Amino acid sequence: MRSVKSLATAAEAGRHQREWFADLRRRVAAGEPFAVVNADVPHEIFRAMDIPYVVSQWWASVVAAKQRSGHYLELVRQRGYPDYSEQYNSVALGSAFDPEPGSGPWGGLPRPTLVVGDASGDVTRKIFDIWGSEPGVTFYPLESAAENEVPANWWDLMPHRWEEAVGPARLDLLTAEMENLVRFLETTTGRTFRESRFREVMALVNEQEEWNRKARDLIARTRPAPLGVSDSIPSVMLPQWHRGTEWARDAARNFYEEVRERVGTGQAACPGERARLMWIGRGLWYDMGFYQRFQERYGAVFVWSMYLAIAADGYIRYGDDPMRALAARFAAFTDQLYTPPWSSEWYVKEARLHGIDGVVHLVSDDPRGSYFTARALESAGFPVIEIRADNVDTRTYDDDAVAARIGRWLEQDVLR
């Protein structure tokens, strides 16, 4: 089942992404440096230095949407590496092994000169190590630190009191690493880092995420929901990969204004809404129509995904020191989504804010605290169903079986 998008901002984001990627391919073909980075890397540095980059998870989502992930995972397996571990990054790695790269989606992913990833797990680090061993590719790793003390209500602290929320030791480490990254990029690309430009980028990101916060709050308090996540995910995430640009800031504002217009005119994702659902986990990129499947029969609407919610709570950082503020944006980013009690308390807060009636939790082989997330939500009174599948590997997913399980759960636990 294919997703049916209704928002103009979702369509515009998709159009812009194709145009941008075509331009990126032209720039790389002309000899410019090109980086592949993962989602937890401070993209704002690359933006400020005008270094073209692609986010590995975004590329994996495009491959999965085109039903090509099996091809790239097979290329990984042929090299003797596991094709069943951390597929979100392994799919992008498979692009490096493609003997016909131009046959890939959208003309294929160009060969990077740089790959940058955070060492948030052993597998992720090894994937980027392998990529860095390819001819002409250099890998720059960023460390991932942990902290025993967890602040209460970190989402309230982060915009201004991030030093208190994250802790000085973690900020010291990542700030120093990012300063080293800047020197590395200047040396290897010939580009110059200008703090004035960097400050502009940081200000644009804060503006973008403030608009996302307004949209999140409006959706949370509107009954019935003005839209579902099949619209909100592309409207939010495609601009997110362009953080620090005027286009992305304006796209976030247009998204909020389109949501506000839908609320004002009484438009709804499902006028007969009976249940509001929460989707915890990465996007199910090969089956985005999944999120609309339960509306007509059950009146069940997926109103929440992490993408808009983390944009609202996880990115905004104000402060006089832009490099340290950027460190505060990413030092605890993985914690916010995956490490309890950072993550589990946040999910409960968001479920209450949105009036959630049931939670569908996608659990992959790298669960990252999934047990504690489900238990925290259940303890707070929210019914939870766990779906075990990988979000880019279609081999792990049976759509009919999943739909049947969720249907029974809706009838027995949510709508009863």
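What you see is a predicted model, and the numbers here were worked out from it, not measured in a lab.
By the 4.0 Å N-to-carboxylate-O rule, Arg293 lies close enough to Asp287 to be salt-bridged with it. Classification of Arg243 and Glu44 as a salt-bridged pair holds, one side-chain N sitting under 4.0 Å from a carboxylate O. In this structure, Arg27 pairs ionically with Glu32, as a charged nitrogen and a carboxylate oxygen lie closer than 4.0 Å. Salt-bridge annotation for Glu163 and Arg324: present, with a side-chain N of the basic residue lying under 4.0 Å from a carboxylate O of the acidic one. With respect to Asp50 and Arg197, no salt bridge is recorded, no charged nitrogen being found less than 4.0 Å from a carboxylate O. Look at Glu258 and Arg260 and you find no salt bridge, because none of the NZ, NE, NH1 or NH2 atoms lies under 4.0 Å from a carboxylate O. Look at Asp250 and Arg253 and you find a salt bridge, because one of the NZ, NE, NH1 or NH2 atoms lies within 4.0 Å of a carboxylate O, short of that distance. Of the charged side-chain nitrogens involved, at least one lies within less than 4.0 Å of a carboxylate oxygen, so that Arg79 and Glu134 count as a salt-bridged pair. Between Arg408 and Asp413 no salt bridge is recorded (no basic side-chain N to carboxylate O distance below 4.0 Å). Of the charged side-chain nitrogens involved, none lies within less than 4.0 Å of a carboxylate oxygen, so that Arg405 and Asp400 do not count as a salt-bridged pair.
For Lys349, the NZ atom counts as densely surrounded, since its 6.0 Å shell holds more than 12 non-hydrogen atoms of other residues, nucleotides or ligands. Within a 6.0 Å radius of CD in Glu246, other residues, nucleotides and ligands contribute 12 heavy atoms or fewer. Annotation: Phe372, atom CZ; neighbour count of heavy atoms from other residues, nucleotides and ligands within 6.0 Å does not exceed 12.
Contact of the Asp357 side chain with the Glu273 side chain is not registered, since no non-hydrogen atoms from C-beta on lie closer than 4.5 Å. Leu109 has its side chain within reach of Phe34: a pair of non-hydrogen atoms, C-beta onward, lies under 4.5 Å apart. Using a 4.5 Å heavy-atom threshold, the side chains of Leu326 and Leu174 count as separate. Contact check for Ser90 versus Asp83: no side-chain heavy atoms found under the 4.5 Å cut-off. Between Met49 and Phe198, every side-chain heavy-atom pair lies at or beyond the 4.5 Å cut-off. Taking 4.5 Å as the limit, some side-chain heavy atom of Ile280 sits within range of a side-chain heavy atom of Thr373. Put simply, the side chain of Pro168 does not reach to within 4.5 Å of the side chain of Leu171, judged on heavy atoms. The shortest side-chain heavy-atom distance between Pro226 and Ile219 falls under the 4.5 Å cut-off.
Classified by interplanar angle (parallel below 30°, tilted 30° to 60°, perpendicular above 60°), the ring pair Tyr307/Trp285 is tilted. Note on ring orientation: taking the six-membered ring where Trp is involved, the planes of Phe294 and Phe290 are perpendicular (angle over 60°, cut-offs 30° and 60°). Using the six-membered ring where Trp is involved, Trp241 and His43 have ring planes that are tilted, between 30° and 60° apart. Using a 30° and 60° split on the angle between ring planes, His16 and Trp247 fall in the parallel class, below 30°. The aromatic rings of Trp346 and Trp154 sit tilted relative to each other, their planes meeting at an angle between 30° and 60°. The aromatic rings of His160 and Tyr318 lie parallel to each other, their planes meeting at an angle below 30°, with 60° marking the opposite boundary.
Taking the ring axis of Tyr371 as reference, the NZ or CZ atom of Arg375 stays within 45° of it and closer than 6.0 Å to the ring centre.
Panel note: side chain Thr396, backbone Asp393; a donor-acceptor pair is recorded below 3.5 Å. A donor-acceptor pair is defined here as one N or O able to donate and one able to accept, closer than 3.5 Å; no such pair exists between the side chain of Tyr338 and the backbone of Ser343.
Here Tyr397 and Tyr286 bring their ring centres to under 6.0 angstrom of each other. Aromatic pair Tyr88/Trp59: centroids not less than 6.0 angstrom apart. Residues Tyr72 and Phe97 keep their aromatic ring centres 6.0 Å or farther apart. For Tyr315 and Phe333, the ring centers sit closer than 6.0 Å to each other. In this structure, the ring of Trp131 has its center no less than 6.0 angstrom from the ring center of Phe139. Aromatic ring centres of Trp162 and Trp155 lie farther apart than the 6.0 Å criterion allows.
Shown here for Leu24 and Pro110, the closest heavy-atom pair between the two residues is CD2-CG, 4.1 Å. Between Val301 and Ala225, the closest heavy-atom pair is CG1-CB, 4.4 Å. Ala275 and Val414 make their closest contact through CB-CG1, 3.9 Å (heavy atoms, listed as atom of the first residue, atom of the second, distance). The two atoms that bring Met323 and Met178 nearest to each other are O-CE, 3.2 Å, heavy atoms only. The minimum heavy-atom distance between Ser103 and Asp98, with the atom names listed, is OG-OD2, 4.2 Å. In this structure, Ser344 and Pro340 approach most closely via the heavy-atom pair OG-CB, 3.7 Å.
A side-chain donor from one of Asn212 and Glu209 sits under 3.5 Å from a side-chain acceptor of the other. A side-chain donor-acceptor contact under 3.5 Å links Glu350 and Trp304. Under the 3.5 Å distance criterion, with hydrogens and angles disregarded, no donor-acceptor pair is assigned to the side chains of Tyr84 and Arg395. Using a 3.5 Å distance cut-off with no hydrogens or angles, the side chains of His242 and Gln17 do pair a donor with an acceptor. Side-chain contact of Asp231 with Ser6: a donor-acceptor pair under 3.5 Å is present, judged by distance alone. With 3.5 Å as the limit, one finds a donor-acceptor pair spanning the side chains of Asn89 and Ser56. Under 3.5 Å, the side chains of Thr334 and Asp40 contain a donor-acceptor pair of N or O atoms.
The structure places CH2 of Trp20 at 9.5 Å from CG of Leu238, a figure rounded to the nearest 0.5 Å. Of the inter-residue distances, the one linking Ser364 atom OG with Gln87 atom CD reads 7.5 Å to the nearest 0.5 angstrom.
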Please lay out, stage by stage, how Leu185 and Arg191 fare under the test side-chain contact (heavy atoms from CB on, under 4.5 Å). CA-CA 7 Å; Leu185 292 174; Arg191 304 289 168 92; over 6 Å; no
Could you give me the CA-CA distance, side-chain angles and deciding distance for Arg125 and Asp118, then say whether salt bridge (Lys or Arg N to Asp or Glu O under 4.0 Å) is met? CA-CA 7 Å; Arg125 171 62 190 262; Asp118 71 306; over 6 Å; no
Check the pair Arg183, Glu179 against salt bridge (Lys or Arg N to Asp or Glu O under 4.0 Å), reporting the backbone distance first and the verdict last. CA-CA 7 Å; Arg183 289 191 286 270; Glu179 290 171 347; 5.1 Å; no
Assess whether salt bridge (Lys or Arg N to Asp or Glu O under 4.0 Å) is satisfied between Asp156 and Arg161, documenting all intermediate values. CA-CA 8 Å; Asp156 292 329; Arg161 296 164 59 190; over 6 Å; no
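With Ser196 as the partner, the side-chain hydrogen bond (donor to acceptor under 3.5 Å, both in side chains) test is satisfied by one option alone out of Glu200, Arg194, Arg199: Arg194. Among the candidates Val236, Val303, Val229, Val259, the single residue satisfying the side chain to side chain contact (heavy atoms under 4.5 Å, CB included) test with Leu308 is Val236.
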